[in-house]
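Accompanying notes for the structure given below.
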Amino acid sequence: MTASIPGLVLHKDAALRQRAAHVIPGGMWGHMRAAAVPAGYPQFFAGGYGAIVTDVDGNDYIDFMCSWGPIILGHNRPEVDAAARAAMDAGDILNGPSEHAVELAELMVDTVAHADWALFQKNGSDAMTTCVTLARAGTGRRKVLVARGAYHGAVPWCSPSVLGVTAEDRAHLDYFDYNDAASLEAAVEKAGDDLAAIVVSSFRHDLGKRQELPAPDFAAAARRLATGRDAALILDDVRAGFRLNLAGSWEGVGIRPDLTAFSKAIANGYALAAVTGNERFRMAGAEAFFTGSFWYGAASMAAAVKTIDILKREDGPARINAAGIRFRDGLIAAGARNGYTVDMSGPPAMPMMQIAGDTDHRMAEALCQAALARGVYLHHKHNMFLSLAHDDAVIDRALAAIDDAFATLARDGLAIA
Ligand code: PMP
C-alpha cells in the first residue's frame, strides 16, 4: 500500500502502479519514479495545459516542476503544438533531416552568443556526451574535469550511480568544487598537458543542496584556465538553457564557453537536445561521428524554432524571472506568517525551497504533500521551474494554497497518512 495524502483520490494511479510493478523494474525508472517525489504524489499523468498538469485520476495541479524543466511556455502551447503537428504530418523521420534542421541551427547561431554552429540530439545526456567527445576530438587529449556532485546525465561517464559503471568509464575524469577557483586550478595542474575540457553547470543545482549562482571570479578562472591550456570550456546548460538568458546562462557573468549543451526547455516539451560550439571546435564537429536514429526528427525541430521565436517575442526569460520573484517572495512570506523560515535559493525562475532546521527535507516534504492536496505541485528537494504560463493570477492562487498548507503543517505536523 502506498502512502496516501488526505483529501487526494488516486485510484487509477494505484491500479497502474500495481500493473507497472510486474512489468517495469522497480515500478518505474529514473528521475520520474515515485520515489523521487514526496510520498503519496501521483506517479502517472494524463495531460496538461498552461500552468496546470492533470494526473490520471483527473486531479489538476498548478505545476511548479514543468515536467522537470522542458515546459517553458506552459503545457501544450497551441502555436508550438501546431508547428510540431505540421512537421509530424509531413513526415517526422525521413531519409534525411528536414529544412527545420538548418532553420534551427541558424536560429541557435543567431541567438546563443558563443555559437558559430549547432548539432542536434535528443536528450541532455546525448548533448553532454557529444560535448565531451568534441572536446577530446578537438584537443587530442583525454582529461575532463567536472564539479563534485554536479549532474550531467545518466550515462556511465557521468551517472550519479555507480551500479553498472566501471572505473574505466571514468578513468579520465577528475573533480573540482563548484565556485572554488583554487580547487579548479589544482585539478587543471594535475591534468597537465592531457587536459581536454573543464565542464561547468550553469549554476550549482545539486539535489537537496542550497543552490549557488556562479561566482564571477570562478567563471573567469574557468575561462582563463581552459584558454591557457587550449582546452574546451563546456557549459552544461541542459537544465537552465533558455530559461535564464537566451544568449546562454553564463552571459550574466560575462563568460563564453567553447561548447554548450542544451535540452529540456529548447522545444517546450518535444524531445530535442543541442550542442553549440565556436570556430575552435567546428572541425571536430565535422570529423567526429555523432548520430542517432531519431536525432534528425522534424517535429521537435519545428517545435524548437517556434519555442525560441515565442521566447524572444514575449521576452521569456525576463517575464519568467519576474514570475519567479513573485513566487519566491510570496512563498517566503507565507512561511513566515506561519512560523517557518523559508530559503529560496538559485535563480528565481528555478528556485530550490528549503525550510530552516529541516536538514532531512521532511518538513518540506510534508509541506509539499499539504500543497498537493490543495492543488499545487511543488518539489521538496529538487529545484522547481516556472514558465511563461505562470501569470500573477496563477501564482497568487498557488500562494494562497501554500499559505493554507503551511498553516496545516504548523497545526498538525506531518501530513502523510
Ligand atoms: N545536465 C543537466 C544539468 C541536467 O539537469 C540533466 C537532466 N536533468 C542532464 C544533463 C541530462 O539530461 P537528460 O535527462 O535529458 O539526458
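Each ligand, and each atom within it, is numbered from 1 in the order the structure gives. Quick note: residue numbers are just sequence positions, from 1.
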inquiry  = With a 6.0 Å cut-off on the ring centroids, do His114 and Trp250 count as close?
reply    = no
N or O pair under 3.5 Å between Gly153 and ligand 1 = no
Nitrogen or oxygen of Arg239 less than 3.5 angstrom from that of ligand 1 = yes
For [atom], closest protein heavy-atom neighbour:
atom	value
atom 1 (N) of ligand 1	Asp236 OD2, 2.7 Å
atom 15 (O) of ligand 1	Gly124 N, 2.7 Å
atom 9 (C) of ligand 1	Val238 CG1, 3.6 Å
atom 14 (O) of ligand 1	Ser125 OG, 4.5 Å

task = Taking all non-hydrogen atoms of both residues into account, name the closest pair between Gly297 and Ile93 and its distance.
result = CA-CD1, 3.6 Å
request  = For the residue pair Ile255 and Leu235, establish whether any side-chain heavy-atom pair is separated by less than 4.5 Å.
outcome  = no
request  = Find out whether Cys368 and Met353 are in side-chain contact, i.e. whether some heavy atom of one side chain is under 4.5 Å from a heavy atom of the other.
outcome  = yes
ask   = For His205, is the nearest heavy atom under 4.0 Å from an atom of ligand 1?
value = yes
inquiry  = Heavy atoms only, cut-off 4.0 Å: how does Trp68 contact ligand 1, side chain, backbone, both, or neither?
reply    = neither
Location of contacts on Lys264 toward ligand 1, heavy atoms closer than 4.0 Å = side chain
query = Do NZ/NE/NH1/NH2 and the carboxylate oxygens of Glu365 and Arg362 come within less than 4.0 Å?
reply = no
query = Under 3.5 Å, is there a donor-acceptor pair between the Glu212 and Asn179 side chains?
reply = yes
request  = Give a yes-or-no answer on whether the side chains of Asp60 and Thr54 include a donor-acceptor pair shorter than 3.5 Å.
outcome  = yes
